[in-house]
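Presented below is the structure to which this report refers.
Only heavy atoms go into these numbers, but all of them, side chains included; no hydrogens, no water, no symmetry mates. Sequence lines set the chain letters: A, B, ... in the order given, protein chains first and strands last, and positions in each chain run from 1.
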Amino acid sequence: MVPETFFENVYEVVKLIPKGKVTSYGAIAQYLGVKSGARMVGWALKASKIPQNIPAHRVVNRSGLLTGKLHFSPPSLMQEKLEQEGIKVFDDKIVDFQSVFWDPSIELP
DNA sequence: AAAATGACGCATA
DNA sequence: CTATGCGCCATTT
């Protein structure tokens, strides 16, 4: 363990997600420069397993679907957190996803 | 060293 | 709309 750049980048971006907003694995991957490294982003979160204050519940797949909710301590925590922030979730999917979508490659310098 | 796996994404049928 | 396949990159077996 030495170059945790990828991890740190993912953590930082996820932590920078404004409250009430969400982003996708692909968006983070693209921001990091890895266009098709969406899997790596998910891998980073899984490997980290929410070690710090990583609001991983704000990271969903490109469809706004809570694919990784099953990996949370209580799988229902993800949806609850999102709802607490004002994000509506129906059937494990974010409602009005495009309106709450936050793209780091655009919002961040 | 090679194959398998994965919190994804996109193309095609 | 759903179903299937391929690619991507790093980790693990």
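Taking atom C1' on both dA7(B) and dT2(C), the two are 22 Å apart, rounded to the nearest angstrom.
In this structure, NZ of Lys46(A) is placed 8 Å from C1' of dT11(C), rounded to the nearest angstrom. Whole-Å rounding puts the Asn61(A) CG to dA7(B) P distance at 12 Å. In this structure, the CD1 atom of Ile28(A) is 15 Å from the P atom of dA7(B), given to the nearest Å. As a whole-Å value, the separation of Leu32(A) CG from dG9(B) P is 14 Å. Here the C1' atom of nucleotide dT5(B) and the NE2 atom of His71(A) are 12 Å apart, to the nearest Å. Straight-line distance from the CZ atom of Phe101(A) to the P atom of dC8(B): 15 Å, rounded to whole Å. Here the C1' atom of nucleotide dC8(B) and the CG atom of Leu45(A) are 12 Å apart, to the nearest Å. Regarding Leu65(A), its CG atom lies at a distance of 10 Å from the P atom of dG9(B), rounded to whole Å.
Looking at Asp92(A) and Lys69(A), a side-chain N of the basic residue comes within less than 4.0 Å of a carboxylate O on the acidic one, giving a salt bridge. One finds a salt bridge joining Arg58(A) and Glu85(A) here, because a Lys/Arg side-chain nitrogen approaches an Asp/Glu carboxylate oxygen to under 4.0 Å.
The side chain of Ser24(A) contributes no N or O atom lying less than 4.0 Å from OP1 or OP2 of dC8(B).
Applying the 3.5 Å distance criterion, the base of dC9(C) shares no donor-acceptor pair with the side chain of Arg39(A).
Asp103(A) places a side-chain N or O within 3.5 Å of a backbone atom of Ser105(A) that can act as its donor or acceptor partner.
Listed nucleotides: dT11(C), dA7(B), dG9(B). Nearest to the side chain of Arg62(A): dG9(B). Checking dA10(C), dC9(C), dA7(B) against every side-chain atom of Val34(A), the shortest atom distance belongs to dC9(C).
For Met40(A) and Ser63(A), each mapped to the nucleotide of DNA chain B holding its nearest heavy atom, the one lying further toward the 5' end belongs to Met40(A).
Hydrophobic clustering places Leu16(A) together with Tyr11(A) (ILVMFWY residues linked when any side-chain heavy atoms are closer than 4.5 Å, directly or through intermediates).
Across all strands shown, Gly37(A) has no heavy atoms under 4.0 Å from either base or sugar-phosphate atoms.
Tyr25(A) and Trp43(A) have their aromatic ring centers separated by at least 6.0 angstrom.
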